[in-house]
Amino acid sequence: MIKMVAVTACIAGIAHTYMAKANLEKFAKQNGIEMKVETQGAMGTENRLSDDDILKADLVIFAVDTNVSERGRFEGKKILEVSTTDVVKDGEMVINEAIDLLN
């Protein structure tokens with residue numbers, strides 16, 4: 001099974017952060033992908049990814065419109081970076097792009 005982790009963060013840290021999280025989880029599940037998503041929003045970091053989550057991930061998705069906090073945790077990992085808007089508008093396309101990066 002493919003394992004992915006993601007970080008979502010928009011400028012305001014409210015709507016798009018959480019809508020992007022929901023879409024990533026939805027389309028990952030539809031494709032049989034194990035997905036964990038950390039949000040970095042107005043409420044701070046929620047669902048923080050553990051070092052083990054990151055280590056076991058085949059790919060990292062940054063769905064962000066701002067800087068990722070503690071980006072160094074992901075050093076050495078294959079990363080797909082997109083905007084939160086891309087994920088909100090077409091989460092399936094983003095998941096398919098992520099799968100393509102693994103092939």
Side-chain angles (χ1 to χ4, degrees):
M1 174 182 275
I2 296 172
K3 294 182 180 189
M4 295 184 191
V5 295
V7 175
T8 63
C10 67
I11 298 294
I14 304 172
H16 279 81
T17 298
Y18 299 99
M19 289 189 296
K21 175 186 186 296
N23 264 3
L24 287 172
E25 290 172 338
K26 173 184 173 182
F27 291 108
K29 184 176 182 178
Q30 286 181 6
N31 284 279
I33 297 167
E34 184 179 314
M35 171 72 73
K36 291 189 178 184
V37 182
E38 173 180 306
T39 57
Q40 296 181 0
M43 304 300 284
T45 299
E46 297 176 283
N47 303 313
R48 182 179 170 81
L49 297 167
S50 70
D51 291 341
D52 194 51
D53 292 332
I54 296 166
L55 179 68
K56 290 180 178 175
D58 299 304
L59 182 90
V60 177
I61 298 174
F62 289 159
V64 298
D65 306 315
T66 187
N67 294 325
V68 173
S69 294
E70 299 179 61
R71 191 179 183 113
R73 297 182 290 153
F74 303 95
E75 192 166 319
K77 300 301 289 186
K78 188 174 286 196
I79 297 172
L80 171 63
E81 189 161 343
V82 297
S83 72
T84 58
T85 303
D86 290 340
V87 179
V88 170
K89 286 184 177 179
D90 196 349
E92 186 171 25
M93 181 267 310
V94 172
I95 290 296
N96 287 334
E97 188 176 338
I99 292 168
D100 288 347
L101 278 176
L102 294 173
N103 296 326

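The first residue of the sequence shown is numbered 1, and numbering continues consecutively from there. Atom set for the values below is all heavy atoms of this structure, side chains included, hydrogens, waters and symmetry mates excluded.
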Task: Test side-chain contact (heavy atoms from CB on, under 4.5 Å) applied to Thr45 and Glu38, step by step - done: CA-CA 7 Å; Thr45 299; Glu38 173 180 306; 3.6 Å; yes
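- Grouping the Ile, Leu, Val, Met, Phe, Trp and Tyr side chains by contacts below 4.5 angstrom, directly or via other members, places Val37 with Ile33.
- Linking ILVMFWY side-chain heavy atoms closer than 4.5 Å, directly or via other members, places Ile2 and Leu59 in a single hydrophobic cluster.
- Residue pairs satisfying the salt bridge (Lys or Arg N to Asp or Glu O under 4.0 Å) criterion with at least one member in residues 13-24, sequence neighbours excluded, are listed as follows: Lys21-Glu25.
- Counting heavy atoms from C-beta outward, Leu24 and Ile61 have side chains that approach closer than 4.5 Å.
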Show me, pair by pair, the donor-acceptor contacts under 3.5 angstrom made by side chains of residues 87-103, not counting sequence neighbours?
{"residue": "Asp90", "atom": "OD1", "partner": "Met93", "partner atom": "N", "Å": "3.1"}
{"residue": "Asn96", "atom": "ND2", "partner": "Glu92", "partner atom": "O", "Å": "3.3"}
{"residue": "Asn103", "atom": "ND2", "partner": "Ile99", "partner atom": "O", "Å": "3.4"}

Task: Derivation of the side-chain contact (heavy atoms from CB on, under 4.5 Å) call for Lys77 and Ile54 - done: CA-CA 8 Å; Lys77 300 301 289 186; Ile54 296 166; 4.1 Å; yes
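- By the side chain to side chain donor-acceptor pair (under 3.5 Å) test, Asp53 is found to be paired with Lys36, Ser50, residues two or more places apart in sequence or in another chain being considered.
- The shortest non-hydrogen separation linking Phe74 to Val7 is CZ-CG2, 3.7 Å.
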Task: Verdict with supporting geometry, Leu80 and Phe62, side-chain contact (heavy atoms from CB on, under 4.5 Å) - done: CA-CA 6 Å; Leu80 171 63; Phe62 289 159; over 6 Å; no
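- Heavy-atom minimum distance, Thr66 versus Cys10: CG2-O, 3.9 Å.
- Of the possible polar contacts, one joining the Asp58 side chain to the Lys3 backbone as a donor-acceptor pair under 3.5 Å is found.
- Taking both residues in full, the closest heavy atoms of Met1 and Gly32 are given as CG-O, 3.5 Å, listed atom of the first, atom of the second, then distance.
- Thr84 approaches Ala9 most closely through the heavy-atom pair CG2-O, 3.6 Å.
- Contact record, Glu81 with Val64: OE2-CG2, 3.6 Å, taken as the closest heavy-atom pair.
- Nearest heavy atoms, Ala28 versus Met35: CB-CB, 3.6 Å.
- Under a 4.5 Å side-chain heavy-atom cut-off, the cluster of Ile, Leu, Val, Met, Phe, Trp and Tyr residues that includes Leu55 has no other member.
- Contacts classified as salt bridge (Lys or Arg N to Asp or Glu O under 4.0 Å) and involving residues 61-70 (residues at least two apart or in different chains) are given here: Arg48-Glu70.
- Counting only residues at least two apart or in different chains, side-chain hydrogen bond (donor to acceptor under 3.5 Å, both in side chains) contacts with residues 7-20 comprise Tyr18-Glu46.
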